[in-house]
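Worksheet for the structure shown next.
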Amino acid sequence: MLVSRTDNRPYMNVIFGNFYSPAYDDEAFVDETMQRIKELGFNSVMFDTKAWEDFKERYDTGALSQYVRMQEYMGRSARAHGLGYNFLLLYLNGDNLYPHIRFSPPIYGEETVFLDGTPGKWYKYWSPKARQSMKEHVERIMERYGDGCERCMMKDFTGNDGKEVIPVCSMWDPVVAPSFDEEGKLRYLDFLRTLYEGDIDRLNQSYGTAVESFTQLEPEEYWYTLKYGTAILTEEDVRKQTPQYFRWRDQAFWKYYNGRAEYGRKSIGQRCAGIGQ
């Protein structure tokens with residue numbers, strides 16, 4: 001159990017703000033809301049502090065966007081109302097990729113590439129550069145604002161104290177987005193090679209293709225939306241195991257297994273052998 005160091009009660013946290021709110025609210029609204037949160041019995045609030053460029057600008061240059069300025073005020077208001085605070089620091093999951101809502105661009109680290117070579121506006125989830133940029137974001141937020149963060153004690157069922165921790169929400173499963181540069185294409189083709197255990201004839205039978213090697217496949221032949229556009233997979237496709245079904249299935253496997261590192265890419269073929277065949 002987590003016990004808040006703010007008031008020595010069980011840790012009770014609620015998120016306050018997302019994308020545009022409270023950046024476009026006023027300070028009186030923030031103060032009123034903090035008071036209500038306190039009255040409802042919470043002892044901590046969580047702020048939406050994902051990897052956006054204006055947080056980096058604050059760290060690098062001291063510049064204050066409207067969003068960052070208000071979030072800093074929220075931290076002061078939380079403390080003034082007897083509340084702790086912590087951060088929603090999700091990364092690599094696409095939850096900050098909304099330029100029509102949040103005007104500061106996301107930090108990609110390294111971006112995917114569309115088929116025509118233009119920026120793909122998603123993270124390369126496997127990229128060391130992308131991962132390092134997210135790690136730096138978390139470290140910088142904690143360096144700049146960590147002193148005011150909620151601290152909790154971990155207690156066991158007998159009530160004995162364990163170590164002190166700083167609760168944050170840092171990562172969910174990453175969004176596994178495609179990239180059609182050479183690196184991205186080869187990664188997906190390598191996945192197909194593993195899935196089909198190196199048997200190109202089996203893939204040709206599934207996809208209705210006639211290539212001699214996995215590397216001969218072009219994105220328009222293996223990627224579902226490039227082949228079928230917005231066509232929806234039907235029950236008949238699944239029942240008849242059409243090429244459309246197999247492309248959809250393989251893409252779903254790719255997203256699932258690459259989004260969960262504990263499975264390991266080497267085990268994909270073995271785990272999927274015989275499924276839908």
Side-chain angles (χ1 to χ4, degrees), residues 2-9 11-109 123 130 132-153 164-172:
L2 291 179
V3 175
S4 169
R5 296 293 296 271
T6 300
D7 59 9
N8 203 36
R9 294 190 300 119
Y11 174 60
M12 295 285 289
N13 179 260
V14 61
I15 190 167
F16 180 14
N18 190 256
F19 297 116
Y20 57 88
S21 178
Y24 299 102
D25 298 316
D26 58 29
E27 294 177 358
F29 168 79
V30 169
D31 291 335
E32 179 185 354
T33 304
M34 292 295 182
Q35 181 61 36
R36 291 185 178 184
I37 289 171
K38 178 71 173 178
E39 291 170 355
L40 286 169
F42 294 96
N43 49 25
S44 181
V45 290
M46 181 182 293
F47 302 148
D48 190 3
T49 317
K50 306 187 192 87
W52 286 295
E53 288 285 352
D54 54 0
F55 283 110
K56 184 175 184 297
E57 291 167 2
R58 176 60 165 152
Y59 190 93
D60 289 342
T61 70
L64 269 173
S65 70
Q66 185 172 351
Y67 188 96
V68 175
R69 183 191 66 79
M70 182 57 82
Q71 190 162 113
E72 290 187 2
Y73 181 82
M74 290 169 67
R76 296 192 297 271
S77 180
R79 283 303 183 185
H81 287 85
L83 297 166
Y85 64 81
N86 65 351
F87 300 109
L88 182 69
L89 293 166
L90 300 177
Y91 56 89
L92 292 180
N93 72 342
D95 199 31
N96 63 332
L97 307 182
Y98 296 91
H100 59 292
I101 299 176
R102 179 76 163 87
F103 301 119
S104 181
I107 298 171
Y108 292 109
Y123 312 102
Q132 181 61 29
S133 72
M134 300 301 109
K135 180 174 180 291
E136 288 175 357
H137 171 69
V138 175
E139 290 174 343
R140 286 179 163 190
I141 291 298
M142 297 310 297
E143 179 180 330
R144 188 169 191 94
Y145 304 112
D147 287 346
C149 274
E150 173 73 273
R151 263 71 174 173
C152 291
M153 293 301 298
E164 183 180 87
V165 296
I166 301 176
V168 298
C169 188
S170 62
M171 187 173 183
W172 295 340

Can you name the closest pair of heavy atoms from Thr6 and Gly82 and give their distance? CG2-O, 3.3 Å

Less than 4.5 Å apart, any side-chain heavy atom of Ile107 and any of Glu53? yes

Output for pair (Met134 CE, Tyr108 OH), nearest 0.5 Å, gives 10.0 Å

Quick check for you: to the nearest 0.5 Å, what is the distance between Glu72 atom CD and Phe47 atom CZ? 10.5 Å

Distance-only, no hydrogens or angles: does the Ser104 side chain make a donor-acceptor pair with backbone N or O of Trp52 under 3.5 Å? no

Indicate the atoms forming the closest heavy-atom contact of Gly109 with Ser133, along with that distance. CA-OG, 3.4 Å

Please report the interatomic distance CG(Leu89) to NZ(Lys135), rounded to the nearest 0.5 Å. 13.5 Å

Can you see whether Tyr145 engages Gln71 through a side-chain donor-acceptor pair at a distance of less than 3.5 angstrom? no

Note: Arg9 and Gly41 closest approach over all heavy atoms is NH2-O, 2.9 Å

Nearest heavy-atom approach of His81 to Lys38 is O-CD, 3.5 Å

So do the side chains of Met74 and Met34 get within less than 4.5 Å of each other, counting heavy atoms only? yes

Rounded to the nearest 0.5 Å, what separates atom CG in Asp48 from atom CZ in Phe16? 12.0 Å

So, Glu136 and Arg140, do they make that salt bridge, N to O below 4.0 Å? no

Student check: side-chain heavy atoms of Met142 and Cys149 closer than 4.5 Å: yes

Within a strict 4.5 Å, meaning less than it, do heavy atoms of the Tyr59 and Val68 side chains meet? no

Minimum side-chain heavy-atom gap Met46-Val14 below 4.5 Å: no

Is any side-chain heavy atom of Tyr11 closer than 4.5 Å to one of Pro167? yes

Side chain His137, main chain Lys56, donor-acceptor under 3.5 Å: no

Does a donor on one side chain sit under 3.5 Å from an acceptor on the other, for Glu150 and Ser4? yes

Here the gap from Ile141 atom CD1 to Arg58 atom CZ, rounded to the nearest 0.5 Å, amounts to 10.5 Å

Considering all heavy atoms, the nearest Leu83-Ser44 contact: CD2-N, 4.0 Å

Specify the closest pair of heavy atoms between Asn18 and Lys50, including all atoms of both residues, with the distance to one decimal. ND2-NZ, 3.7 Å

Spell out, as yes or no, whether a donor-acceptor pair under 3.5 Å connects the side chain of Gln66 to the backbone of Ala23. yes

Within a strict 4.5 Å, meaning less than it, do heavy atoms of the Asp31 and Tyr73 side chains meet? yes

Atom pair OG1 (Thr61) and CG (Leu64), whose distance is rounded to the nearest 0.5 Å: 9.0 Å

